Amino acid sequence: QVQLVESGGGLVQAGGSLRLSCAASGRTFSSYAMGWFRQPPDQAPGKERNFVAGISWSGGNTYYADSVKGRFTISRDNAKNTVYLQMNSVKHEDTAVYYCAADLFGSGARTATSQYAYWGQGTQVTVSS
């Protein structure tokens, strides 16, 4: 079992920065990969959350959606059982509920929500233009 709790969301102006955190508990944090996903407010019902970034268990490998590459950075601190998403140069289209998720068997590169076994409750990020 893995419990995940996100924090750090809020209102930010376009062009600004925000850092999300996800604290994990339960299973040994350094034994699994992590990912960040998001769900925009206008997403059609039933559509999957969108992969944003992923990181391997060691932090040595990271993966990004094209839409955030060069602006967002995923990192983890295994001593603190926490994964982060640093969001820079945010845009209005980054407005979404952001979720962290645990991938017990992958490398952090997997992008389908069905491949992630545990999810946080989500944190709202709103970018004002």
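Note that the structure is predicted; figures quoted are calculated from it, not measured. FYI, the numbering just counts along the sequence from 1.
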Quiz prompt | Smallest separation among heavy atoms of R27 and V2, with atom names | solution = CB-CG2, 3.7 Å
Quiz item: How are the rings of F72 and Y98 set to each other: parallel, tilted or perpendicular (split at 30° and 60°)?
Solution: tilted
Quiz item: How far apart are the closest heavy atoms of S107 and D103, and which atoms are they?
Solution: N-OD2, 4.3 Å
Quiz item: Rounded to the nearest 0.5 Å, what separation is found between the CG atom of L104 and the CD atom of Q115?
Solution: 12.0 Å
Quiz item: If we only count heavy atoms from C-beta on, is the L20 to V125 side-chain gap below 4.5 Å?
Solution: yes
Quiz item: Is any side-chain heavy atom of Y118 less than 4.5 Å from a side-chain heavy atom of Q3?
Solution: no
Quiz item: Cation over ring, R110 on Y116, under 6.0 Å and within 45°?
Solution: no
Quiz item: Would a hydrophobic clustering, with Ile, Leu, Val, Met, Phe, Trp and Tyr connected at side-chain separations under 4.5 Å, put I55 with W36?
Solution: yes
Quiz item: Does the ring of Y84 carry R19 above it, NZ/CZ under 6.0 angstrom from centre and within 45° of its axis?
Solution: yes
Quiz prompt | Whether E6 side chain and S21 backbone form a donor-acceptor pair below 3.5 Å | solution = no
Self-check item: ILVMFWY cluster, L85 and V5 together (side-chain gap under 4.5 Å)
Solution: no
Quiz item: Do the ring centers of F37 and W119 come within less than 6.0 Å of each other?
Solution: yes
Quiz prompt | Distance-only polar pair, side chains of E48 and N50, donor-acceptor under 3.5 Å | solution = no
Exercise. Could you tell me whether Q13 atom CD has more than 12 heavy atoms of other residues or ligands within 6.0 Å of it?
Key: no
Quiz prompt | Closest non-hydrogen atom pair between S17 and S89, with its separation | solution = OG-N, 4.4 Å
Quiz item: Is atom NZ of K47 surrounded by more than 12 heavy atoms (other residues, nucleotides or ligands) closer than 6.0 Å?
Solution: no
Quiz item: If we only count heavy atoms from C-beta on, is the T113 to F51 side-chain gap below 4.5 Å?
Solution: no
Exercise. For residues G108 and A33, report the shortest heavy-atom separation together with the two atoms involved.
Key: N-CB, 3.4 Å
Exercise. Please determine if D94 and K91 form a salt bridge, counting it only when a charged side-chain N lies under 4.0 Å from a carboxylate O.
Key: no
Self-check item: Minimum heavy-atom distance between M34 and C100, given as atom pair plus value
Solution: CE-CB, 4.3 Å
Self-check item: Min side-chain heavy-atom separation T73-M87 under 4.5 Å
Solution: no
Practice problem: Assess R49 against Y99: is NZ or CZ under 6.0 Å from the centre of the six-membered ring, and within 45 degrees of the ring's axis? | Solution: yes
Practice problem: Look at the side chain of T95 and the backbone N and O of V127, then say whether any donor-acceptor pair between them is shorter than 3.5 Å. | Solution: yes
Quiz item: Can you find a pair of side-chain heavy atoms, one from C22 and one from T82, that are under 4.5 Å apart?
Solution: no
Exercise. Mind listing the closest non-hydrogen atom pair of S30 and N78 along with its distance?
Key: CB-ND2, 3.5 Å
Practice problem: Find out if a path of hydrophobic residues (ILVMFWY) with successive side-chain heavy-atom gaps under 4.5 Å connects V97 to L18. | Solution: no
Quiz item: Is any side-chain heavy atom of E93 closer than 4.5 Å to a side-chain heavy atom of P40?
Solution: no
Quiz item: Between Y64 (side chain) and R71 (backbone), is there a donor-acceptor pair under 3.5 Å?
Solution: no
Quiz item: Any chain of hydrophobic side-chain contacts (each under 4.5 Å) joining F105 to L4?
Solution: yes
Quiz prompt | V52 reachable from V12 in the ILVMFWY side-chain graph, under 4.5 Å edges | solution = yes
